[in-house]
Amino acid sequence: MLQINISTQPIRMDYKTQNARLDLKSTPPKVQMETTPATLEIRQPRGELTIDHTPFRYSLGLKNIADFARDNASLGRQTVMDTIARIVGEGNQMARFENGSNAIANIAYGASLVKVPEFTVAPLAAPNIQYQANPAQIKAMAGNVNVTVQPGRVQGDYQPGKVDIRVIQYPSIEFSTIDIKV
């Protein structure tokens, strides 16, 4: 009887690997900012206060030169008119001597009468007070920001990996036959 022997030899391999390598060098980015602040200037001019005492002083009888002179001229004119009227009235009274009255005695008696001074209660006028406010002067200047950007850099050195495969033993199959006697 024949017997078949099969012997096999597997493949043997030697592997050498070198890993891939990546070297990165980076420089960081730089940002420079220069700012100018905003400014606000506010100036408030003084207001103008005007006080006119003229009505108050007039109510007391105190007047300025021009008004005093005008009032005196008016009073003088009125006094002259009143005096002329009085003298004309006295002349007319003397001219009527036919009625038998003593005109000179009557005139002297009328002149000796003293007029009672008049007393008048009047309110005092308030002074004219005015205030003129001046508006605020506002000057605003906007600030600004100057930005300078220097981008970062990345430098890379890449070395790919390697795989070196070497066959140490090739595969083989051997067939043999043996004659066995039984």
Side-chain angles (χ1 to χ4, degrees), residues 1-75 118-182:
M1 158 163 182
L2 283 177
Q3 182 180 9
I4 297 177
N5 267 343
I6 301 173
S7 88
T8 61
Q9 185 177 8
I11 188 168
R12 285 185 25 207
M13 302 174 121
D14 185 27
Y15 297 100
K16 287 187 182 177
T17 60
Q18 181 180 355
N19 291 334
R21 195 171 83 186
L22 177 62
D23 291 330
L24 293 176
K25 292 181 183 176
S26 64
T27 56
K30 293 181 183 176
V31 177
Q32 294 178 339
M33 294 177 65
E34 184 178 317
T35 60
T36 304
T39 58
L40 178 65
E41 294 178 13
I42 300 175
R43 194 171 76 84
Q44 178 66 54
R46 290 185 178 171
E48 297 175 20
L49 177 65
T50 305
I51 301 175
D52 184 11
H53 291 342
T54 306
F56 175 72
R57 293 174 62 87
Y58 279 17
S59 66
L60 290 175
L62 302 173
K63 299 181 180 180
N64 62 24
I65 298 291
D67 291 340
F68 182 69
R70 185 176 57 245
D71 288 350
N72 266 348
S74 175
L75 182 63
E118 294 181 17
F119 179 73
T120 304
V121 177
L124 297 177
N128 290 333
I129 300 173
Q130 295 178 348
Y131 180 74
Q132 176 69 34
N134 291 326
Q137 297 172 351
I138 300 172
K139 182 180 178 184
M141 292 188 301
N144 63 12
V145 177
N146 294 329
V147 178
T148 304
V149 177
Q150 184 178 7
R153 293 187 186 144
V154 177
Q155 294 176 342
D157 181 24
Y158 176 70
Q159 294 178 352
K162 291 181 184 177
V163 176
D164 189 17
I165 301 173
R166 200 171 48 129
V167 177
I168 298 174
Q169 176 180 332
Y170 288 97
S172 64
I173 299 178
E174 287 184 24
F175 296 96
S176 60
T177 59
I178 303 176
D179 189 17
I180 302 179
K181 294 189 179 183
V182 183

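Because only heavy atoms are used, hydrogens play no part in the values below, and waters and symmetry mates are left out as well, while side chains stay in. We're numbering straight along the sequence, starting at 1.
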Problem - Rounded distance [0.5 Å steps], CD1 in Ile51 versus CD in Gln130 - result: 10.5 Å
Exercise for the section: Can you establish whether the number of heavy atoms outside Glu34 located under 6.0 Å from its atom CD is more than 12? Expected result: no
Handout entry: Between OG1 on residue Thr50 and CG on residue Asn128, distance to nearest 0.5 Å
Key = 10.5 Å
Practice task
Find the distance between OG1 (Thr17) and CD1 (Ile165) and round it off to the nearest 0.5 Å.
Solution key: 10.0 Å
Problem - Backbone N/O of Gly161 and side chain of Asn19: donor-acceptor pair under 3.5 Å - result: no
Exercise for the section: Looking only at non-hydrogen atoms, find the nearest pair between Pro55 and Ala125 and report the distance. Expected result: O-CB, 3.6 Å
Practice task
Kindly compute the distance separating CD (Gln169) from CD1 (Ile11), expressed to the nearest 0.5 Å.
Solution key: 9.0 Å
Problem - Criterion side chain to side chain contact (heavy atoms under 4.5 Å, CB included) on Leu49 and Ile129, from CA distance to verdict - result: CA-CA 7 Å; Leu49 177 65; Ile129 300 173; 4.0 Å; yes
Handout entry: Closest heavy-atom pair and its distance - Tyr158, Ala20
Key = OH-CB, 4.0 Å
Handout entry: Heavy atoms from other residues, nucleotides or ligands near CD of Gln3 exceed 12 (cutoff 6.0 Å)
Key = yes
Problem - Exercise: identify the closest heavy-atom pair between Pro45 and Pro135 - result: CD-O, 3.5 Å
Practice task
Drop me the distance from Ile178's CD1 to Asn5's CG, to the nearest 0.5 angstrom.
Solution key: 4.0 Å
Exercise for the section: Please answer whether the main-chain N or O of Asn134 pairs with a side-chain N or O of Gln44 as donor and acceptor at a distance below 3.5 Å. Expected result: yes
Exercise for the section: To the nearest 0.5 Å, tell me how far Lys16 NZ sits from Lys162 NZ. Expected result: 12.0 Å
Practice task
Kindly give the heavy-atom pair with the smallest separation between Pro123 and Ser59, and that separation in Å.
Solution key: O-CB, 4.3 Å
Problem - Basic-acidic side-chain contact under 4.0 Å: Asp23, Arg21 - result: yes
Fill in the blank from the handout: Shortest non-hydrogen pair, Ser26 vs Val154, comes out as CB-CG2, 4.1 Å
Exercise for the section: Pick out which of Asn72, Asp71, Ile65 makes a side chain to side chain contact (heavy atoms under 4.5 Å, CB included) with Phe68. Expected result: Asn72
